[in-house]
Structure formats: structure tokens, C-alpha cells
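Below is one structure; the comments refer to it alone.
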Amino acid sequence: MEMVPSEENQFVSKEIQNAAEEPRVLCIIQDITNAKTINERLTLNLPASTTLSKLYEDVAHKAGYVNGTFDLAWGNASDMAPLGHNSEMSLSDSGFEPGGKRNFLQLADKDGEQPQIASDEPETADSGGPDDSSQERFIGPLPRDASAGSSGDYSSPSYSYSSILNKSETGYVGLVNQAMTCYLNSLLQTLFMTPEFRNALYNWEFEESEEDPVTSIPYQLQRLFVLLQTSKKRAIETTDVTRSFGWDSSEAWQQHDIQELCRVMFDALEQKWKQTEQADLINQLYQGKLKDYVRCLECGYESWRIDTYLDIPLVIRPFGSSQAYGSVEEALQAFIQPETLDGANQYFCERCKKKCDARKGLRFLHFPYLLTLQLKRFDFDYTTMHRIKLNDRMTFPEELDMSPFIDVEDEKSPQTESCNDSGAENEGSCHSDQMSNDFSTDDCVDEGICLDSTSSSERVLKPKSLLTFELFSIMVHSGSAAGGHYYACIKSFSDGQWYSFNDQHVSKITQDDIRKTYGGSSGSRGYYSSAFASSTNAYMLIYRLKDSSRNAKCLSVEDFPEHIKKLVQKEKEFEEQEKRQREIERNTCKIKLFCMHPVKMMMESKLEVHKDKTLREATEMAYKLMELEAVVPLDCCRLVKYDEFHEYLERSYEGEEDTPMGLLLGGVKSSYMFDLLLETRQPDQVFQPYKPGEVMVKVHVVELKNETISSPISVRAYLNQTITEFKQLIAQATGLSAETMRVVLERCYNDLRLLYVPTKTLKAEGFFRSNKVFVESSESTDHQVAFTDSLLWKLLDRHGNTIRLLVFLPEQSLGTNRTLCQKVGGASDMAFEGSKGNRKTVEAILEESTEKLKNLSLQQQHQGSSTSDSQKSSDTSDFEHIESLSQELDSNSSLCVAADNRDLENRIRATPGSSGGASSDPDNHFACEERSDSEVNNDRSTSSVDSDILSSSHSSDTLCNADSGPIQLANGLDSHSITSSRRSKAHEGKKETWDTAEEDSGTDSEYDDNGKSKAEAQYVFFRAEPCSQDDSLWDAQKCLVVHVDKRITLAAFKQNLEPYVGVPSTQFKVFRVYANNQEFESVRLNETLSSFSDDNKITIRLGRALKKGEYRVKVYQLLVNEPEPCKFLVDTVFAKGMTVRQSKEELLPQLKEQCKLDLSIERVRLRKKTWKNPATVFLDYHVYEEDISISSNWEVFLEVLHEPEKMKSMSQLAVLTRRWSPATMKLQPFQEVILESSSVEELKEKLSEISGIPLENLEFAKGRGTFPCDISVLEIHQDLDWNPKVSTLNVWPLYICDDGAVVFYRDSTEEPMELSEDERSELMKKESSRLLKTGHRVSYSPRKEKALKIYLDGGPAKEPGLD
């Protein structure tokens, strides 16, 4: 039972005596309902007692909105939950921070609808509407900042927007931009505002039995149009439409051309509408016809064909011209202007049977009902080799008369002859692949051809009124050729008003805004003056034929077909369901929930409870969520306020079982500063009340006689209590004497504080929410000595620095089984004072086992050296079980090892935080931060950070909580304690060397004699025990659980492991296993285990350990003419002072035995290995560490020579050369050239000597990249820098200063092989395959634009292995 002090510290809410003294809350509100106000801020400074409903009133008044038509939500979270509109909760109770701190809120749409604008004079609202010419209007990309002249705050309660209007005023709904889908939104809005297209789409009926609605493009378009016409939302999503296209989320990030989308979408709709009434809809509305003709100027013979088109591409500026066309009419006239074919371009006349001058051109035969004009603003600059955008001004009329563009000349000529024998019908742009490209001033060729022999004579006679088109859609591009933004200006046929459809924003615009889209860039009018310029101008224009008999109005909701009415009802119900769901979400409290499950340990989940649910109902929900039905009765559970970061129980809720959760939690918020804990108890226990203001103290009782530390018990105290009162509180809880009690507070890492001033308060001593203390109350004289010299301090110090390691022994270890049962002496004798008895015991064991394992150890040296360092050891399973103290003693008594009463870890090993799973010790984090450079670089593994060290749960800035045993509490927190805190004195060791074990390591005998001073002898605590028999790893590999002082050196640690391994410490190696199962050898014997933490894994492997001045070296064979030039051979050991020849003498027998390589010492060479590149050649007389720098885990190349070594001096240079033969398109094998100097002339002479190429014809180039510098034979002739103009090799651009450089050479008179297209394609495939295997690319290819595709079968087919 928890003890509480007699004096209770009650916290009572203060009454404000003076209004001026009341704290105030600073609210900063951002209006995100539209782009015009998104950067404006509304500031309110309100009393903390202001209610939320009053906050809404003040915001509505200052912003000029109708209260209740908008939401306020916290602005610092993505999942914003709106504040309650009618809540009477004060700002301070709702989570607002007073005292000048800024509270950021966002003013957002309510239920997807924009706020209603308040007006003092509603009857005159229309007169001041958007049609008022005095008001500023906006068209184009919405500005990021506030409009000119507006302040950062709202100027008056009746503030209204001039152009960004909600649906209630414009009547139209916007489309949400998924990422870069503005081009799609503009086209969809244009199609929606086309009455004939919309009505035809509504008349199509979807048959669900025939097709999946998700993949049906017409159905999803139909749904979208219905929502655009009937939804109350400001903007709706287009994800269902793009999903029907077969697009995934990545497509939303692809920019595409709007004209390309229009063509592809129309094609997809035609495919989907086959065999329906709408099968020919696209052609009926958008398809026109033209004649492509060539006329002989001598005989008048004309050859022609009929083509169809969906849009007309108009050139902005003719190629090579400095003047752009000024209007659409001018561009149309240029489009049909014929050109004369003369000179070299003469036309072969079938009638004249010779080449004659001819006239080639186009004639429009039929204009579509909906005429689409594409203004070709994107061009290519052949000077800069960049795409550019032409921003020149091009006007376009609101009414376009197309009658001048139908040419009647020669239509009735008897000499005209049709050449329509192709049989292919072309559809698409009015120019095509089958048409000669000479007629057009445009170099771009679009797809689509149609053949139709329909005469155009009857159309020519039609009156002019039937060829008048009215403009209704302008698709505008803003930006440059590198990227930009699309939006649409569309005229409504119902009221004649123009609107700007800019993604989710819809606004009214005027004729002045239309004229702004003509374009026009300032400055020079040169041909490429507007390259990279970013401007806003029209890109596509859509006109509708003025024909009263065909012009339609959009169907009203009342006139919808029956299947559309059903769809409207279905969508309405769906919206209502979404609205109800949003309302539920808006009123749902979501908070982290923890529970110490009696079986499953600490569980974490998220409790989602409606704000009106009572605490009793929430407890029942949490009870089911944590799956406690069959474990604990419901009446044995309660919810308490909990701080998971500090493991602090803030308060309980006695008597508030019927209080709504919204009131208890302070309202509905996106996140809470606290958590909830579902606390459990036994039926015979009673819950203790937790009052606000209390602090939690975990008390560990220390017994000096047995040198044990008990499991903690929980005590709650007040910060204003004195140390004397606190001791009395602990005495009541533990039964100890308060008079002789010593209390030690563990504040943080390496910080033990004895609380000896009776009158000091807990707050003054540094107590916080959750604390850890050690108490001792014996009659010994230990309390008379200084605390740092006392037995209590030594015991706590040892406890804090003891870590638990999992050591995996090799299968070959014969001494393990015997010595496991003999570690009683070792465990009992190795106290922190360091008894010599244990050393003798270990020596006796070694004397018996070393002789038996002598031969085995020698064998293991070879096996260990050839074993890859990347070999993985099995992971140990987590010891996530809870044992009481009695259960632990029972389990320990079953082992052959007697319990060591002096071993404190025997009492505390069972908690999941301290003995199982990943370490959650907060101090480990600090230990990691305080490591020296040599500690950080331990085991050459800086690239693999030990995640176990960094996986601590949480750490307090003021103190660190650490438990070492189960807490016997009803609250269920007994096993969620953090592991034992690890403390150690600041360890100032010798200067340690990164690359070698020489200065910081030595032999065992040297270590025994001089390695440890007397003062360090106390830091050798070591205790080992076998892994549990239930451990899954027991059968796979022998495992030891070692409790050891982390200040022990690696040398001493290895010596203590000798009895369990069965061989001397010099005959086995220690590998540290990191979180990713990578292993790195630990070789620095004088380094401590301070970088290790609980449950780190160590693998022991047999093999000779490094001695003083030795280095482990990896040897690779260099095979310059093999596909894989680098082949691993063996691991070996080089020593300081050894010559290269001596190392080769020791290496060759090892190669013969392990790799079956019988080599002569005169025909092998060692050379430096720099990643994959061969470098400096080592000469036989070179000495390691004198002539050659060497480091741990060093790598060298061994190269087999075909002739005696030619390298005799370091002044020589060994270059690898390779001949390129253009005539055969082949690279010859590598040949090594030894140079006496760095002269280019000498290199060329040597190359001429070995190849026979005349010196004046020899060219060379340095290879690029890593060895072997592979390059495609299709690129080597042009891509390399051949024949650099330098006289020496060691200057730019060669920089050949070391051995191993790759040089290609060729005969300049040799011409490359002539390849056909098929041969080139075949060779390219072979080269791609070859270079892919070696990891080299054929050539650099810039990222290409992804083609726009709409998939009719639901999505693209993924090729196997294609990323």
C-alpha cells in the first residue's frame, strides 16, 4: 500500500480578484479558406477565462464571417480537430497557453463549405458585388501573398472578398489538385462546362454487371460531373477519375501537356463507348476535315487526300522569324497558305511524267461543332539545346469567323484527281505522319490520319452565319517550358459570365482578365528572346459554333435521366455519411493508452472515445481494447492520467466515473500532453488515490550485509516535504528505522546524491515527477565514513556499471560444459575487490583444458582466419518474462551454479527492461554521447551504429529513472521500469590508436604484470551463467549470460572467458554483433566495455588473436583481364617491422593450403588496394609501418606475374594499358607498362613498341571511373579525351601519379567500322548486357518525360524485375 503524508497539499483554483491580473491568451488565427487570405493573420488577445463560444463570436466579428459557418482548429497538427462551437469551456482549460505564448489556430471551411460573409447591409450586397468595376479582380495563378493595399489583419467586420467567391455566389465547384494535376482539372472543368458533352455523358447509362465501376472511365466522369453540379463542397477530389485511368499516386506528380491529355482521354472514351449511342460523340463534336493537296503548276493536275483533325495547331512564330503572328486569324491564314515546291524540291507530276514546280497546301473542308485551337507556345532552341516557351502576344476574338479560311479556288477543276487509295482514316491533329512535312512551318508532327472523299463544295455555299464560332474556354499556361501551372477561363452559356477555374478556387472574371491571357513579353523581340521566361498566356482555345438549332443548355437537376437521379441520391447519401463521420471524428478524443497486461507485458494502443462518453464507459472500452476480459475483472481496472515519458502517474479520477471524457481530458484535441494508463489490481487489493502535485518515488532497499539491492516499491510524496518527513514516509512503507536511514537519490547518469540535510525539501534536492532512491538502515559503521568511500557507494557504483551481455561460444569449445559448473568459485571470488583465488581457479581449469585443445586451437587458427567477418550469428530471443524474486531464486537453484549472494544482478535480472529485450536504459544514451573517439570507432564499426545503445525509452533532463527489479504494485507498472542506470567515473585512459592494437594492447602476460594498477583492480566484476534451457538458441549455439562491470578491459574480459571457451585468450577472438547482425572484431585490449550496453551480443571464434603490433589483413587476387577482377583469397596477419618479402613467405603456404594456389615468391606481387582500384606496387624490401602505412582490417591485392618482377624502384610507374581497335570495334587485353619517369613521350614510345603503331599515329586517353574503367565500344571513340596536350603524366587532365592507372590507346589512322542499324542495335544490346554485369552504365541519359497513358484495363502491366 502506498503511504501518503499526513499533511496533504491541496491545489485549489484561485479566484481572480482583479481583472487586470487575469492571465491573457494570445491567439493567432490563419484564414485558410482561400488563397487570398492564407498569408493573413488575425490576432486576438483574450482573457484566459474566455469561453470557446465567445472566441468564435470574436473571430466571426473581426473576420467578417457569419458565426457558425466556419471551424477553428489547432494549427500545429495535421489531423486538426475543430474546437467546439458551443463549448463553455475556458481557453485555459482547452489547452491554450497564457502568458504571452502564441497559440496558433486555423480558420477552416465547415463541412467543406466556405464561411458565409457577414454584411451590415444585406439588401445592397448585390450592388457591391464582383461586377463592380471599381473593385480589383484577379485572374491567373492565385497570389501567395495578400493583395496590395490590404493589411495583415481584417479591416472591418463587413470585410468581403472581391474575386474569390464560394459556391453559393458563383454556383460552381472547384477540383482539388492532387499534386501536379492542374492540367487535368482544367480540361475536366472545360468538358463539364460544355453542355453538349455533359448532356451526352448524362444520357449514357452504366451497366454495373458488365464492368467494374472503379475502372470505368465514363462512369467516374459521370460521377464527377454530378458532384460538380450538385455538391455543396467548395472543391471535390479527382482521385476516383485518375484511378479509373489506371494511374497510381506517382502519376499525380507527373506534369503533362493539356493537349496531349485531351487527345488521349478522347481516345479512351471512344474505346469505352463502342457499341453505345455515344460511340461517335467525340467525332460529332470535335472532328473536322481538311484536304492535303499538291497541284502541278504546269498542267494543273492535283493530287490530294482527305484528313480529319480534332484540333488545329497554330504556330506562334515561324521558324527563323523575328516577328510573331499577331492574332489567331493571322496564324490560321498562315496555316492554309500554300508553299511552292521548286528547285530541288520539285514535285514529280504523274501527268507530266517529270518533276515540275508545284503548289502544296491545306484546305479546310469542314469545321467541327467544337473548334479547338492549340497555340504552339513550346519550341526548341537549337542554340542552347533547351526547350523554350514563346510568350509573344497573340490576340484571339470572342467571335471567330471561319468562312475566310475555306478556299473555293480550283474546287471544281476538272483536272483534279483524288489520290485517296491509302485506305487509312486519320484522326487527330490536322497534320500527320502521312502528310509531307514540307508544307508546314511547324516541325512537330502529331498523330492521326483520316480519309474521307466527301465533297466540300456544298459546305462552301453555306451562309457566313453558320461559320461563326464563339469562344467559351481558354486554357491558360503560367510558367516556362521547364514547368508551370494550368488553369481555365470558361464562359457559362447559361448567364454569359466568365469564370476562372483555378483548381479548387472558382472566381468571376472580366474581359480585362481575358485580354491578359494574350501574352506578350517585355524587352527584346528576338527569336529566342523569351526562352526561360515565365509568363501567363493562353495555350488552348475552344470555340462553339453559333447555331441555334444545335446549341444546347445544360440539363438541370429536375431534367436528369432516372439513372442520374439515382446517382445523385447515392452521392448525396454518401456525402451525408461523410459529414456524419466527420462530425463523429470532430467529437472523438484520441489519446495514447498504456496497460501493464498481466500476461503480455506493457501494451500500447490508442483509445478513441466520444467526448460525451463517461469515464466508466471509457474504462470498459479500454478494458476490451487491452484484451483483459479473461484475465482481470472489469471492477479491478481503472483509468488514470499517466506521463509515459517519465513513467509518472499524474492523478486518478476517484468519484468522477460519470464525468464525460471531453471534460476530463480538456476537450477534443489533435494531441495531448499526457497519456492514459489502464491500471489493474488483484481482487484483494485496493486502488490508491493519486493526487495532483504528488511525485512518484521508486525506493530500492540496500542490504550491505548481503550486498543486495531489492526490487523497488513505489512511494508518493510531495515536493514541499522535508528529508526528515520523507524518511518517515519511507520508514512506514519499508519498515526500516528512520533514525539510521541513509537515502541516496540517483538524479542522472553518474550522479548519486546522499540526502543528509534534514530540513531540505525534496524540490530543493532535485526531485521531479518520477524519481529513484536507494535506502539503507543498518547498524554498521559504514555511515561514519565519507559517502564516496563507503561500502554503500561502492555497491551502488558497481550496480550502476554492471551490464548484461549475451556471449555465444564456438561449437568447438570443449571446456564449456565442464567449466559451467565450476564457476561457483569464479562467481564468488570475483568480487569488486578482485580476489586472487579466482585467478588460480581459472588457471587450474586452463591447465587441464589447454593440453587437450592444443591441436584444436592450431586448426581453428586457420579456420578462423578464412572465415568471413560478415558471418552472422543467430539472434537470441528476447527474455521478455517476469519473475518474482522467489521464482528467480527457485530457477537459479536448479542450475549447477550456486547462487552468489554478493552478486546483485542475481536479484534484478528478471525485469524486461533490465534483463530482456532491447535495453531501455536512458543512461545508455548519455554513455553513448560521452564516448571518446576511440570508443566511437571501436571495432572499426563506425558505419554500423549500435542501435541497442540508442534504443533507450526516454530520458529526463533532470534525472534518469532506472529500476532493477519488479515493482510490487497493484498499478501494473511493476515490470515497466527502466533498466538499471549505468554509471561510471569519468574514464580517462591512455591515448588510444585507431589502426592498431599496439599502443593500447599487449600480450596477456604483459597485461597481467603492468596492465592494471591497484586502483583499477576493483573494476573486474565478472559473473557468467548459462542461457535458459528454454532459450531457442540453446540447441543452435552455446550461449552465456555474462554480468560484468563495463569498466573492465577487453584483455581482462577475455581472460575471464578462458574457462568457458576452453582455450587461452590468445587463441580466440571477440566479435561484437550489431543490430543489423554485422560482426566486427574487437582488438584493442586496453579498451573497456564502456560502449556496450545491456543485452549486447558477442560472438567468440577460435583463432589466434592479434598480438602487439599485429594487423589483420584481407588479401584479394587481382585478375586484370577477368570479368570479375577482384577475388577474395584469405585473411592473414601482418606485423610492424615485417618486410613485404617476409609477409609473402608467410602468405604463400596459407594460399597453398586454403586456396590450392602453388605460387613462386618471385612471381607474386603485393600492391595497395583502394576500393576496387589497384594502386602502389609494394617492393620486397619495403617495411610495414616504415615504408608502408598499415591499419586494422587492411586490404591488399596479390597479383600473379607471368614474368619476373620488373618494378625495382619507387621512382618507376606501373601503368595498365589497353588497345582500342576501331576497325574491329574491340578492346584488347590489358598489358602492363613500366615507366622510368612520368614522361608522356616515354609512355607513347612504350605503347608503340608493344603495339607496332607508328609513334606519330599513336593516341592515348586516360580511363574514367573505377578499375577496369569499362566503357562501351560504341562510345569510347568519341567520349574519351584522346591525345591530351600535356608533356607529363602527373598534370591535369591526366593526374597519373601512382601505379595502377588505366590508359587506352589507338591508331589515329584506323577508321571505325561501318555498322548497319541492325548491327549497331545488336552491338548496343551486347554492350549493355556486358556493362550491366560489371556495374557500369552504357551512357548517361537524362531523365525523360514520362508519356501520358490512360489504361483501359485498369493499370499498366508490370514487367518482372522492372523497378
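Positions are given from 1, in the same order as the sequence printed here. Computed from a prediction, not measured in an experiment: that's the story for all the values here.
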Does the Glu330 side chain pair with the main chain of Gly326, one donor and one acceptor, at a distance under 3.5 Å?
-> yes

Rounded to the nearest 0.5 angstrom, the CG-CG distance for Leu285 and Leu370 is 5.0 Å

Do Leu221 and Leu188 pass the side-chain contact (heavy atoms from CB on, under 4.5 Å) test, and can you show the C-alpha distance, the side-chain angles, and the key distance before you say yes or no?
-> CA-CA 9 Å; Leu221 281 176; Leu188 291 176; 3.5 Å; yes

How long is the span from the CZ atom in Phe335 to the CG atom in Leu362, to the nearest 0.5 Å?
-> 5.0 Å

Side chains of Leu297 and Arg359 in contact at under 4.5 Å (non-hydrogen atoms) | yes

How about Leu541 and Ile474: do any of their side-chain heavy atoms sit closer than 4.5 Å?
-> yes

Min side-chain heavy-atom separation Lys491-Leu471 under 4.5 Å = no

Main-chain N/O of Ser1308 paired with Glu1259 side-chain donor or acceptor, under 3.5 Å | no

Mind telling me whether Phe197 and Trp273 have parallel, tilted or perpendicular rings, with 30° and 60° as the class edges?
-> tilted

Keeping the roles fixed (side chain from Ser1321, backbone from Glu1317), state whether a donor-acceptor pair exists under 3.5 Å.
-> no

Indicate yes or no for a side-chain donor-acceptor contact from Arg198 to the backbone of Phe192 under 3.5 Å, with no hydrogens or angles considered.
-> yes

Relative to each other, are the rings of Trp247 and Phe245 parallel, tilted or perpendicular (30° and 60° limits)?
-> perpendicular

Around atom CD of Glu277, are there more than 12 heavy atoms of other residues, nucleotides or ligands at under 6.0 Å?
-> no

Do you know the tightest heavy-atom contact between Val476 and Cys489?
-> CG2-SG, 4.1 Å

Evaluation steps, salt bridge (charged side-chain N to carboxylate O under 4.0 Å, His left out), between Glu1327 and Arg1330 | CA-CA 5 Å; Glu1327 286 295 280; Arg1330 178 179 69 87; 2.8 Å; yes

Do side-chain atoms of Lys546 reach the backbone of Glu399 as a donor and acceptor pair under 3.5 angstrom?
-> no

Which of Gln374, His477, Arg377 passes side-chain hydrogen bond (donor to acceptor under 3.5 Å, both in side chains) with Tyr539? It is Gln374

For Gly361 and Asp292, work out which heavy atoms get closest and say how close.
-> O-OD1, 3.5 Å

Does the side chain of Asp392 reach to within under 4.5 Å of the side chain of Gln323, using non-hydrogen atoms?
-> no

Report yes if some heavy atom in the side chain of Phe501 is under 4.5 Å from a heavy atom in the side chain of Met193; otherwise report no.
-> yes

With no hydrogens and no angle check, is any side-chain donor or acceptor of Ser1329 less than 3.5 Å from a backbone partner on Lys1326?
-> no

Measure from the side-chain N and O atoms of Lys553 to the backbone N and O of Phe493, and report whether any donor-acceptor pair falls under 3.5 Å.
-> yes

To the nearest 0.5 angstrom, please state how far the CD1 atom of Ile217 sits from the OH atom of Tyr1351.
-> 12.0 Å

Any donor-acceptor pair under 3.5 Å linking the side chain of Arg1306 with the backbone of His1277?
-> yes

Decide side-chain contact (heavy atoms from CB on, under 4.5 Å) for Lys272 and Trp204; before the verdict, give the C-alpha distance in whole Å, the side-chain angles of both, and the deciding distance to 0.1 Å.
-> CA-CA 11 Å; Lys272 289 287 186 178; Trp204 174 80; over 6 Å; no

Under 3.5 Å donor-acceptor, Asn203 side chain and Asn199 backbone = yes

Nearest-0.5 Å distance that lies between atom CD in Gln1278 and atom CG in Leu1280 = 9.5 Å

Rounded to the nearest 0.5 angstrom, the CD1-CG distance for Ile542 and Leu373 is 9.0 Å

Considering all heavy atoms of both residues, which atom of Ala538 and which atom of Phe396 are nearest to each other, and what is their separation?
-> CB-CE2, 3.8 Å

Carefully, step by step, assess Tyr486 and Asn185 under the rule side-chain contact (heavy atoms from CB on, under 4.5 Å).
-> CA-CA 8 Å; Tyr486 284 102; Asn185 293 347; over 6 Å; no

Pairing residues for Lys354 by the side chain to side chain contact (heavy atoms under 4.5 Å, CB included) criterion, not counting sequence neighbours = Glu298, Cys352, Cys356

Under the side-chain contact (heavy atoms from CB on, under 4.5 Å) rule, what do Ile336 and Leu332 come out as? Steps first, then yes or no, please.
-> CA-CA 7 Å; Ile336 62 173; Leu332 281 168; over 6 Å; no

What one should report as the nearest heavy-atom pair of Ala552 and Arg544 is O-NH1, 3.4 Å

Has Gln511 got more than 12 heavy atoms of other residues, nucleotides or ligands less than 6.0 Å from its CD?
-> yes

Evaluate whether atom CD of Glu1314 has more than 12 neighbouring non-hydrogen atoms of other residues, nucleotides or ligands under 6.0 angstrom away.
-> no

Which pair of non-hydrogen atoms, one from Pro397 and one from Glu329, has the smallest distance, and what is that distance?
-> CG-OE2, 3.3 Å

Mind checking whether Ile1276 and Leu1227 have side chains closer than 4.5 Å, heavy atoms only?
-> yes

Using the ring of each side chain (for Trp, its six-membered ring), is Tyr286 parallel, tilted or perpendicular to Phe266, with breaks at 30° and 60°?
-> tilted

When you measure from the side chain of Ser478 to the backbone N and O of Gly484, does any donor-acceptor pair fall under 3.5 Å?
-> no

Hey, what do you get for CD1 (Ile258) to OG1 (Thr190), rounding to the nearest 0.5 Å?
-> 6.5 Å

If you measure only the distance, is there a donor-acceptor pair under 3.5 Å linking the side chains of Asp401 and Ser403?
-> yes

Side-chain touch Lys291/Lys289, heavy atoms, less than 4.5 angstrom | no

Sequence neighbours excluded, which residues qualify as side chain to side chain contact (heavy atoms under 4.5 Å, CB included) partners of Ala331?
-> Leu314, Tyr325, Met394

Considering only heavy atoms from C-beta outward, does the side chain of Glu196 approach that of Tyr369 to under 4.5 Å?
-> yes

Of all heavy-atom pairs between Tyr309 and Pro368, which one has the smallest distance, and what is that distance?
-> OH-CD, 3.5 Å

